[in-house]
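For reference, the structure is listed below as structure tokens.
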Protein chains: 2
Amino acid sequence: MSVFPQQAEVREVFAQHLRDNNQRQTPERFSILDEVYETDGHFDAESLLKKLVEKGVGVSRATVYNTLDLLVECDLVVRHQFGGKHAKYERAYAYWQHDHLICEQCGEVLEFCDPRLQGVRDMVGGIYDFEIRRHALTLYGLCRRCRGR
Amino acid sequence: MSVFPQQAEVREVFAQHLRDNNQRQTPERFSILDEVYETDGHFDAESLLKKLVEKGVGVSRATVYNTLDLLVECDLVVRHQFGGKHAKYERAYAYWQHDHLICEQCGEVLEFCDPRLQGVRDMVGGIYDFEIRRHALTLYGLCRRCRGR
DNA sequence: ATAACTGCAAAACATTTGCATACAG
DNA sequence: CTGTATGCAAATGTTTTGCAGTTAT
């Protein structure tokens with residue numbers, strides 16, 4: 001019965017979203033939410049399923065994918081499509097908006113935040129008359145170690 | 001026998017890359033290169049294959065994927081992993097470095113360029129001691145038309 | 001010659017779907 | 001009760017792979 005800071009808050013956000021869309025509050029969905037919020041950093045659907053199964057929480061792959069979609073809808077989770085073929089997810093509530101820096105050699109992922117991005121969003125949105133809702137910036141390069149060898 | 005501006009230049013870049021890596025200059029590879037450079041905007045592997053087959057150029061799916069990888073390696077093509085599950089490609093030689101603005105409702109894709117990105121690359125690369133080689137910025141939002149309804 | 005490339009079809013992979021059963025509201 | 005959600009396994013769609021035959025160098 002593990003708990004994390006803000007568990008109640010996050011559960012309430014999810015519950016509200018489900019109520020708003022006439023969807024059920026099932027135990028599976030909350031188990032998945034909890035597991036996501038106990039996870040630091042990026043994860044993929046398969047490893048999330050694996051951890052749940054190992055803990056003895058009976059959920060199926062279909063339910064994991066379905067629930068991740070719901071969590072993305074209500075902004076409790078963000079989905080990233082870095083380079084590979086499978087999506088990565090990350091919890092998003094009360095977590096700073098950030099971008100990513102990836103080493104193409106060793107795969108290390110770092111996070112950063114640059115205020116100029118807000119300026120870019122505002123300006124580009126203004127020019128093309130778009131209402132910008134989110135963005136994804138990923139910088140690819142070589143870290144110090146990999147550059148060494 | 002269609003030709004596009006810079007065909008000779010682009011073919012030579014590819015030929016050089018193949019020579020450098022002891023790889024063969026096959027007619028299939030150059031047919032694919034030509035087709036890529038006759039295509040404006042984004043495309044995926046399957047539609048490229050379809051166009052080649054329709055033109056009577058005998059290439060297989062495997063060869064299309066293999067060749068696209070080679071073209072990405074020598075920077076003649078960039079691969080994008082927007083939202084969906086399949087990769088999009090785009091020719092890159094003598095084409096401005098740009099980023100993308102996508103309407104989440106209708107899927108429209110616009111291109112833009114903001115010089116501040118260079119500042120972000122330089123600063124973040126400096127702070128984390130990374131040699132930044134490329135970046136991908138995508139802004140998601142609602143275009144004027146979709147916002148209207 | 002001979003190592004690399006091609007085409008084909010099968011395999012692999014993440015993700016989605018169909019359907020019978022279970023359960024939240 | 002009743003419509004949704006679940007679990008399972010089969011289906012999907014994209015990309016990769018193995019192999020026998022072909023070809024550039």
Side-chain angles (χ1 to χ4, degrees), chain A residues 11 14-36 42-74 77 79-89, chain B residues 11-12 14-36 42-74 77-89:
Chain A
R11 277 181 171 240
F14 193 28
Q16 190 56 53
H17 177 75
L18 293 173
R19 265 180 246 121
D20 291 347
N21 293 75
N22 287 314
Q23 303 200 278
R24 292 189 188 160
Q25 303 185 39
T26 66
E28 289 85 354
R29 288 177 173 174
F30 286 101
S31 298
I32 292 169
L33 173 63
D34 288 350
E35 188 57 46
V36 164
H42 308 100
F43 60 90
D44 57 37
E46 198 62 29
S47 63
L48 178 61
L49 172 65
K50 188 156 154 273
K51 285 205 297 179
L52 287 162
V53 169
E54 278 170 3
K55 286 193 176 182
V57 182
V59 278
S60 68
R61 202 182 321 276
T63 303
V64 167
Y65 278 100
N66 168 31
T67 304
L68 282 172
D69 285 347
L70 294 171
L71 292 172
V72 169
E73 276 172 22
C74 57
V77 166
R79 189 204 315 270
H80 298 296
Q81 204 78 41
F82 290 136
K85 64 175 78 170
H86 60 315
K88 295 278 198 178
Y89 299 84
Chain B
R11 277 182 170 238
E12 181 47 32
F14 193 28
Q16 189 58 52
H17 177 75
L18 293 173
R19 265 180 245 122
D20 291 347
N21 293 74
N22 287 314
Q23 303 200 277
R24 292 191 189 157
Q25 302 185 41
T26 65
E28 288 85 355
R29 289 178 172 172
F30 285 100
S31 297
I32 292 170
L33 173 62
D34 288 350
E35 189 58 46
V36 164
H42 308 99
F43 61 90
D44 57 36
E46 199 60 30
S47 64
L48 177 61
L49 172 66
K50 186 155 155 276
K51 284 205 297 180
L52 285 163
V53 169
E54 278 169 3
K55 285 194 177 180
V57 181
V59 277
S60 68
R61 200 183 323 276
T63 302
V64 167
Y65 278 100
N66 167 32
T67 304
L68 282 172
D69 285 346
L70 294 172
L71 292 172
V72 169
E73 277 172 21
C74 57
V77 166
V78 269
R79 188 205 318 270
H80 298 296
Q81 204 78 42
F82 290 137
K85 66 175 77 171
H86 61 315
K88 295 278 199 180
Y89 298 84

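Throughout, a chain's letter reflects where its sequence line sits, starting with A, and its residues are numbered from 1.
- Counting distance only, with no hydrogens placed and no angle test, the side-chain atoms of B:R61 and the base atoms of D:dT15 include no donor-acceptor pair under 3.5 Å.
- Close to D:dG7, at under 4.0 Å from its OP1 or OP2, lies a side-chain N or O of A:T63.
- Spacing between atom NE2 of A:H86 and atom P of C:dC13 amounts to 11 Å, rounded to whole angstrom units.
- A sub-4.0 Å separation between OP1 or OP2 of C:dC5 and a side-chain N or O of B:N66 is absent.
- The distance from atom CG of A:L52 to atom C1' of D:dG7 is 14 Å, rounded to the nearest whole Å.
- Between D:dT6 and A:T26, a contact under 4.0 Å exists linking OP1 or OP2 to a side-chain N or O.
- Candidate nucleotides D:dG7, D:dT6, C:dT15 were compared by shortest atom distance to the side chain of B:K85, and C:dT15 ranks first.
- When the P atom of C:dT15 is taken as reference, atom CG of A:L68 falls 9 Å away, rounded to whole Å.
- Salt-bridge annotation for B:E12 and B:R19: present, with a side-chain N of the basic residue lying under 4.0 Å from a carboxylate O of the acidic one.
- Positionally, the nearest nucleotide of DNA chain C for A:A87 lies more toward the 5' end than for the other of A:A87 and A:Q25.
- In this model, the phosphate group of D:dT15 is approached by a side-chain N or O of B:Y65 to a distance below 4.0 Å at OP1 or OP2.
- With rounding to whole Å, B:E46 atom CD is found 9 Å from D:dG13 atom C1'.
- Rounding to whole angstrom units, CZ of residue A:F43 and P of C:dA14 are separated by 16 Å.
- If you check the side chains of B:S47 and B:D44, you find a donor sitting under 3.5 Å from an acceptor.
- Straight-line distance from the NE2 atom of B:H17 to the C1' atom of C:dA4: 15 Å, rounded to whole Å.
- Under 4.0 Å is where a charged nitrogen must lie from a carboxylate oxygen, and between A:E54 and A:K50 at least one such pair does.
- When each of C:dG7, C:dT17, D:dT15 is scored by its nearest atom to the side-chain atoms of B:S60, the top-ranked nucleotide is C:dG7.
- Taking 4.0 angstrom as the limit, A:Q23 places none of its side-chain polar atoms (N or O) nearer than this to OP1 or OP2 of D:dT4.
- Side-chain nitrogen and oxygen atoms of B:R24 include none within less than 4.0 Å of the OP1 or OP2 phosphate oxygen of D:dT22.
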